[in-house]
A.B. asks: 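I'd like to ask some things about the structure below.
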Amino acid sequence: MKVVILSGAGISKESGIDTFRDSAGDGLWNNHKIEDVATPKGWAKDPHKVNDFYNERRIVVLNAKPNDAHIRIADDEDNFDIQIITQNV
C-alpha cells in the first residue's frame with residue numbers, strides 16, 4: 001500500500017531544528033533578515049555572513065536526534081511504500 005505524507009519543517013521542530021517562520025516568535029527569520037542571508041544580493045554583500053548562517057543550520061541538523069514522528073515514519077517504511085512530500089528548503 002502507498003502512503004503519502006505531506007509535511008513541512010515543523011516535523012523537525014521537536015528535534016531542536018528551528019523553523020524559518022515560527023508563530024511563537026523564535027523562527028529563524030525573526031533573528032535574521034531574509035535579504036541578508038538567503039538572496040544573491042545578500043551573498044554579494046557578505047558571503048561570510050551567509051556561509052555562517054547556513055553552517056550554523058548544518059551543525060544543528062548534524063547534532064539533532066530523530067523525534068517520535070521521524071521514528072514512526074521510518075518504522076512504517078517496513079510495511080508501506082511511503083512517499084514524503086515536503087516544502088522544506
Side-chain angles (χ1 to χ4, degrees):
M1 176 190 320
K2 183 175 286 259
V3 175
V4 177
I5 297 173
L6 303 174
S7 178
I11 196 170
S12 298
K13 179 120 175 105
E14 189 178 320
S15 293
I17 300 172
D18 285 339
T19 63
F20 283 89
R21 291 181 183 93
D22 191 304
S23 60
D26 60 352
L28 293 170
W29 293 145
N30 293 324
N31 301 315
H32 299 86
K33 290 183 178 178
I34 189 171
E35 300 83 10
D36 292 344
V37 296
T39 65
K41 185 177 179 181
W43 175 261
K45 180 180 176 184
D46 193 346
H48 183 74
K49 181 177 187 173
V50 174
N51 275 330
D52 285 348
F53 175 79
Y54 287 101
N55 284 337
E56 289 173 19
R57 309 287 69 73
R58 291 179 187 100
I59 290 167
V60 169
V61 169
L62 287 171
N63 290 309
K65 303 290 184 219
N67 63 48
D68 289 343
H70 298 133
I71 292 167
R72 290 200 58 194
I73 292 168
D75 288 347
D76 286 345
E77 287 180 316
D78 292 336
N79 301 309
F80 302 100
D81 177 13
I82 295 182
Q83 298 295 310
I84 300 172
I85 299 172
T86 182
Q87 63 179 8
N88 287 344
V89 292

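Basis for what follows: all heavy atoms, side chains included, without hydrogens, waters or symmetry-related copies. Just so you know, these numbers come straight off a predicted model, no measurement behind them.
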A.B. asks: Check Val60 against Gly16 and note the closest heavy-atom contact, atom names and distance.
C.D. replies: CG1-O, 3.6 Å

A.B. asks: How close do Ser15 and Ala64 get, heavy atom to heavy atom, and via which atoms?
C.D. replies: O-CB, 3.8 Å

A.B. asks: For Val37 and Tyr54, work out which heavy atoms get closest and say how close.
C.D. replies: O-CE1, 3.0 Å

A.B. asks: Between Val3 and Asp76, is the side-chain contact (heavy atoms from CB on, under 4.5 Å) condition met? List the steps.
C.D. replies: CA-CA 9 Å; Val3 175; Asp76 286 345; over 6 Å; no

A.B. asks: Going from CG on Asp52 to NZ on Lys49, what distance comes out if it is rounded to the nearest 0.5 angstrom?
C.D. replies: 10.0 Å

A.B. asks: So which atom in Asn67 and which in Glu14 form the shortest heavy-atom distance, rounded to 0.1 Å?
C.D. replies: ND2-CB, 3.7 Å

A.B. asks: Is there a donor-acceptor pair under 3.5 Å between the side chain of Thr39 and the backbone N or O of Gly42?
C.D. replies: yes

A.B. asks: Are any non-hydrogen side-chain atoms of Ile11 and Ile5 less than 4.5 angstrom apart?
C.D. replies: no

A.B. asks: Is any side-chain heavy atom of Lys2 closer than 4.5 Å to a side-chain heavy atom of Gln83?
C.D. replies: yes

A.B. asks: Mind checking whether Val61 and Arg58 have side chains closer than 4.5 Å, heavy atoms only?
C.D. replies: no

A.B. asks: Give the cluster check for Met1 versus Ile84: same hydrophobic cluster or not, with ILVMFWY residues linked at side-chain heavy-atom distances below 4.5 Å.
C.D. replies: yes

A.B. asks: Taking the side chain as everything from C-beta on, heavy atoms only, tell me whether Asp36 gets closer than 4.5 Å to Asp46.
C.D. replies: no

A.B. asks: Flag this pair as yes if the NZ/CZ of Arg57 is under 6.0 angstrom from the six-membered ring centre of Phe53 and inside a 45 degree cone about the axis; otherwise no.
C.D. replies: yes

A.B. asks: For the atom pair CD1 (Ile71) and NZ (Lys65), what is the distance rounded to the nearest 0.5 Å?
C.D. replies: 11.0 Å

